[in-house]
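Computed over heavy atoms, backbone and side chain alike; hydrogens, waters and symmetry mates excluded.
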Amino acid sequence: MGCTGRPPARPSHRAAEATHDERLKDPMILTLIPLFIGQAALVGLLLAAAVISRMALHIASPGQALVISSRDNKSQPDPNTQRVVFGRIFINPFTQRAYLSLASRQVSLTIEGISQNGSKLHLTGVAQVKVGGGADSVRKAAQRFLNQQDAIDHYTQETLSGSLHSIVGTLTVESIIKDHASFA
């Protein structure tokens, strides 16, 4: 407030523009603009690196194995270059990979067979099936069942049913009843 008791006059619109233009011409401001752009680019690069590294980190749970395979010239998986990992690994996010379950499965069997002495038998059994925990066992299971893990039960049931048929055909009814260990 001046001597007259009035508030000071506001600068005119042109005076405000002149002040704004003077600030833009200030060398300090002009030298800070590339610094701000550089900081924004650095933050962007750090975010991109974080996203890519998160895509590259794969963790197999305790009941899984991670099967990583590269591709040959025909974009087909190469079974000779498959790696099996039971923990965590950083991989190229564009490499082919898949998880294989190592969980135990219970398969029920019901067959009709004929014993050695010609008796018709109805047999029921249960089998526990599990992919082996070694890298070689996982690699073999991946080659056979990686894209069709739900079919493991069916294939196992068919294989065990055929084996059980052949075992029952070599035994008599009495030996089947007395010796359950011959089926194991």
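- For the atom pair CG (L102) and CD (Q64), the distance works out to 8.0 Å, reported to the nearest 0.5 Å.
- The two residues I152 and R105 come nearest to each other via the heavy atoms CD1-NH2, 3.6 Å.
- Placement of L121 and I167 within a single hydrophobic cluster is found when ILVMFWY residues are connected by side-chain heavy-atom separations under 4.5 Å, directly or transitively.
- The CG atom of L164 sits 3.5 Å away from atom CD1 of I111, with the distance rounded to the nearest 0.5 Å.
- Here the straight-line distance linking atom CG of L42 with atom CG of L47 works out to 9.5 Å at 0.5 Å rounding.
- Annotation: the span from R139 atom CZ to L100 atom CG amounts to 12.0 Å, rounded to 0.5 Å.
- In plain terms, the two heavy atoms of E112 and H165 that are nearest each other are O-CE1, 2.7 Å.
- Taking every heavy atom of both residues into account, S115 and V173 meet most closely at OG-CG2, 3.6 Å.
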Verdict with supporting geometry, T110 and H122, side-chain contact (heavy atoms from CB on, under 4.5 Å): CA-CA 7 Å; T110 303; H122 297 279; over 6 Å; no

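- The closest donor-acceptor contact from the side chain of S53 to the backbone of A50 lies under 3.5 Å.
- Nearest heavy-atom pair across V131 and A141 is CG1-CB, 3.7 Å.
- L171 CG to S166 OG: the interatomic distance, rounded to the nearest 0.5 Å, is 9.5 Å.
- The nearest pair of heavy atoms linking T170 to Q116 is O-OE1, 3.3 Å.
- Residues that satisfy the side chain to side chain donor-acceptor pair (under 3.5 Å) test with S108, not counting sequence neighbours, are absent from this structure.
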